[in-house]
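Below: the structure, in structure tokens.
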Number of protein chains: 2
Amino acid sequence: MATRAPRSYHHGNLRAALLERAEGTLRTGGAGRLSLRELARDNGVSHAAPRRHFADKQALLDALAHEGFERLGRELAAASAQAEPAFEARLAAIAHAYVRFATRHAALLELMFAAKHRPGADEGLAAAAERAFAAPRELIADGQATGAVVGGDPERVMLVALAGLQGLVSMANAGMIEEAALDGLVTDAVDHVMLGLRPR
Amino acid sequence: MATRAPRSYHHGNLRAALLERAEGTLRTGGAGRLSLRELARDNGVSHAAPRRHFADKQALLDALAHEGFERLGRELAAASAQAEPAFEARLAAIAHAYVRFATRHAALLELMFAAKHRPGADEGLAAAAERAFAAPRELIADGQATGAVVGGDPERVMLVALAGLQGLVSMANAGMIEEAALDGLVTDAVDHVMLGLRPR
DNA sequence: ACCTGAACACCGTTCAAGT
DNA sequence: ACCTGAACACCGTTCAAGT
């Protein structure tokens, strides 16, 4: 999934146009309703044209997932950078940003993890996923350096903290939580996560 | 999704045979690879035969989900019944049973929640889902009666407790946790959940 | 009551051919 | 370099017809 130079040609930029449309139908109809032929039709191009840009349907899904990880990474990094420098404030900011992404782009997030987890997955995808979580990983490492956070592998500590949020995300995406209540619950969950991170 | 009398006919019991095969491919290949025609072929029956038992593909998926909720309910109830009567023991037993089901039947669980959440979903499905969680709901209500658990809507309290496990489930199903480590992590998570349930 | 066979409108993928 | 058109093997769904 090397970043391809966005050359201009007959259509304009078919690759980007296909991805944009795909993300749209992903949001409205879910991954199941994605059709390469329909995507081609919507872009006024023959059904075989996407082949130039994506070897098969899975390649397009992988590209969507790749873009998703890049976007998530940007949002987590921005949240961390804009927060007050105190550990708790940055952790809360990153947690809220993660839950916001996960609930606003539920189908995309599911696709992202499915693509990354798929046997024989593109290696670039794992790298993109790792980069996406750079901000929380750094925060944990900082917290460990100052003694605010329990020791051990930062990656693992971060995953445990993330797990504390993932339950809320699942419930929200399953419609079990009203959107209005979500922010408050995330704040509670962050307090909970904070307890779990404290050195013992 | 009324329980249909399992009448015998030419094939034997096509409906049950289709569901069994479907759950098999669900486990090995995921929901995406499910094909009604292939299911019919595997059962030595014409591609139109399933139509007698399932109006369309979604109806078969709903039936799978329905069976899944019934099975989950049986396993949670059994875990609760077999545990020591103390609140903590029953909570731990139910939690382990839930995580075991969720990791052993990951694709099915995903299908179950997707089917239940789908707009216009079969009403019998929501009822089956509610029955599936009878054991933990009763446990929470018992805990509230004895003062071991914080007050409020038992359904909501149960969901919050469930959320504490769902993160682990997500991570396990994403391959981020080795199976050997899972039981220990569930035990830790149960302690965590227990803290969250304590009256304030 | 349960199943078959043909038909229709869709897929994803491949490949020669066009510009 | 990028796209088209025809072709192939699959789908899900429908419907008349068989037993």
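Because the structure is predicted, anything quoted here is derived from the model rather than measured. Numbered from 1 within each chain, the chains take letters A, B, ... in sequence-line order.
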Taking all non-hydrogen atoms of both residues into account, name the closest pair between [X] and [Y] and its distance.
X: B:L39; Y: B:A22; answer: CD2-CB, 3.9 Å
X: A:A83; Y: A:A89; answer: CB-O, 3.9 Å
X: B:L26; Y: B:A107; answer: O-CB, 3.6 Å

Query raised in the report: Does DNA chain D take part in any stems of at least 3 consecutive Watson-Crick or G-U pairs (both distances under 3.5 Å), and if so, which ones?
Result: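 Stem list for DNA chain D: C:4-8 with D:12-16, C:12-16 with D:4-8.
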**Report entry** Sub-4.5 Å side-chain heavy-atom contact between A:M194 and A:E88
**Finding:** yes
Among [options], which nucleotide has an atom closest to any side-chain atom of [X]?
X: B:R52; options: D:dC2, C:dC3, C:dT13; answer: C:dC3
X: B:A48; options: D:dC15, D:dG12, C:dT14; answer: D:dC15
X: B:L36; options: D:dC3, D:dT13, C:dT13; answer: D:dT13
X: A:V45; options: D:dC11, D:dT14, D:dT4; answer: D:dT4
X: B:H47; options: D:dT14, D:dC3, D:dA6; answer: D:dT14
X: B:R41; options: C:dC11, D:dT13, D:dC10; answer: D:dC10

Can you give each donor-acceptor pair under 3.5 Å made by side-chain atoms of residues 154-174 of chain A, sequence neighbours left out, with the distance rounded to 0.1 Å?
unit_1	atom_1	unit_2	atom_2	d
A:E155	OE1	A:R137	NE	2.6
A:Q166	OE1	A:Y98	OH	2.9
A:S170	OG	A:Q166	O	2.9
A:N173	ND2	A:A102	O	3.3

Requested in this report: Please check if any side-chain donor atom of A:R41 sits under 3.5 Å from a side-chain acceptor atom of A:H47, or the reverse.
Outcome: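 Their side chains do not contain a donor-acceptor pair, so the 3.5 Å distance test is not met.
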Report summary line: Contacts of B:D56 meeting salt bridge (charged side-chain N to carboxylate O under 4.0 Å, His left out) (sequence neighbours excluded), chain-then-number -> none
Looking across every strand, which nucleic acid part, if any, lies under 4.0 Å from [X] by heavy atom: base, sugar-phosphate, or nothing?
X: A:S35; result: sugar-phosphate
X: A:L60; result: nothing
X: B:L39; result: nothing

Query raised in the report: Is any N or O donor-acceptor pair between the side chain of A:R37 and the base of C:dT13 shorter than 3.5 Å?
Result: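 Answer is yes: a donor-acceptor pair is held.
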Query raised in the report: Tell me: CZ of A:F54 to P of C:dG12, nearest whole Å?
Result: 14 Å
Query - Nearest-angstrom distance from the residue atom CG of A:N43 to P of D:dT4 - result: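 Between P of D:dT4 and CG of A:N43: 11 Å.
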Query raised in the report: Does A:R51 make a side-chain N or O approach to OP1 or OP2 of C:dT13 shorter than 4.0 Å?
Result: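 Checking A:R51 against C:dT13: no side-chain N or O falls below 4.0 Å of OP1 or OP2.
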